[in-house]
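Working notes, beginning with the structure itself.
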Amino acid sequence: MISELESGIGFLTPLLDARYDALYQTVTRQNEITLRQFGALMALYQRGPLTPSVLADRISCDRNTLRKMLKRTAARKLVAKTAHAEDRRSIQVQITPKGADALLKVVPLAAELQEIILPPTQQE
């Protein structure tokens with residue numbers, strides 16, 4: 001019998017997140033770009049430079065977690081931080097050529113994962 005804790009959304013959501021992350025690692029056959037980093041790199045690749053707050057909103061990530069992730073990805077030269085053209089108090093984050101190359105290697109495998117998790121719902 002499942003206890004109340006184990007059936008609650010607060011318990012199940014992190015469990016599903018951890019399982020999806022493990023499946024992402026297995027299907028993409030890499031551990032260079034985490035699932036959250038993949039989302040951030042994809043947003044930057046598709047949208048161009050973004051402020052950290054816009055990027056955090058875009059990938060549904062709290063700003064503190066994003067700040068730590070950007071520090072790690074900038075150290076690996078996957079993203080670059082530049083001064084915001086219109087607001088000198090702010091910065092923008094952009095994907096680097098190295099980041100784009102790393103991302104594009106994972107995209108086809110991530111698409112495979114999406115087909116596993118969310119199979120097409122087309123009716124025949």
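Numbers here simply count residues along the sequence, with the first being 1.
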| Closest approach of Leu55 and Ala43, non-hydrogen atoms and distance? | CD1-CB, 3.8 Å
| said: Check whether Gln30 reaches the backbone of Ile33 with its side chain - one donor and one acceptor, N or O, closer than 3.5 Å. | reply: yes
| task | Output all residues satisfying side-chain contact (heavy atoms from CB on, under 4.5 Å) with Lys77, sequence neighbours left out; order by chain, then residue number. | result | Lys98
| request: Check whether any side-chain heavy atom of Cys61 sits under 4.5 Å from a side-chain heavy atom of Arg36, and report yes or no. | output: yes
| note | The side-chain contact (heavy atoms from CB on, under 4.5 Å) partners of Leu35 (sequence neighbours excluded) come to Tyr20, Asp21, Tyr24
| More than 12 heavy atoms of other residues, nucleotides or ligands under 6.0 Å from CD of Gln25: is that the case? | yes
| Spacing of Leu103 atom CG and Gln37 atom CD [to the nearest 0.5 Å] | 11.0 Å
| said: Going by the rule salt bridge (Lys or Arg N to Asp or Glu O under 4.0 Å), which residues pair with Arg89 if we only count those two or more places apart in sequence or in a different chain? | reply: Asp87
| For Thr82, side-chain contact (heavy atoms from CB on, under 4.5 Å) partners two or more places apart | Gln92, Gln94
| said: Could you work out, with side-chain hydrogen bond (donor to acceptor under 3.5 Å, both in side chains) as the rule, every residue matching Thr96, not counting sequence neighbours? | reply: none
| message | If you define the side chain from C-beta out and look only at heavy atoms, does anything of Phe38 sit under 4.5 Å from Val107? | response | yes
| remark: CG (Leu70) and CD1 (Ile91) are apart, to the nearest 0.5 Å, by 7.0 Å
| task | State plainly whether one hydrophobic cluster holds both Ile116 and Leu16, where clusters connect Ile, Leu, Val, Met, Phe, Trp and Tyr through side-chain heavy atoms under 4.5 angstrom apart. | result | no
| task | To the nearest 0.5 angstrom, please state how far the CD atom of Glu112 sits from the CG atom of Leu109. | result | 5.5 Å
| request: Just grab all the side-chain hydrogen bond (donor to acceptor under 3.5 Å, both in side chains) pairs involving residues 41-55, residues at least two apart or on different chains. | output: Thr51-Ser53
| task | Taking the side chain as every heavy atom from C-beta outward, state whether Leu23 and Leu113 have any atom pair closer than 4.5 Å. | result | yes
| field | Spacing of OG1 belonging to Thr73 relative to CG belonging to Leu44, to within rounding of 0.5 Å | value | 8.5 Å
| task | Count the heavy atoms of every other residue, nucleotide or ligand shown that sit under 6.0 Å from CD of Glu32, and state whether that count exceeds 12. | result | no
| request: Give a yes or no answer on whether the side chain of Arg29 reaches the backbone of Val27 with a donor-acceptor pair at less than 3.5 Å. | output: yes
| query | With a 4.5 Å limit on heavy-atom distance, are the side chains of Lys68 and Thr65 in contact? | reply | no
| Residues that Arg67 engages under side-chain contact (heavy atoms from CB on, under 4.5 Å), provided they are two or more places apart | Asn64
| task | Decide yes or no for Val93 and Pro52: does some side-chain heavy atom of the first lie under 4.5 Å from some side-chain heavy atom of the second? | result | yes
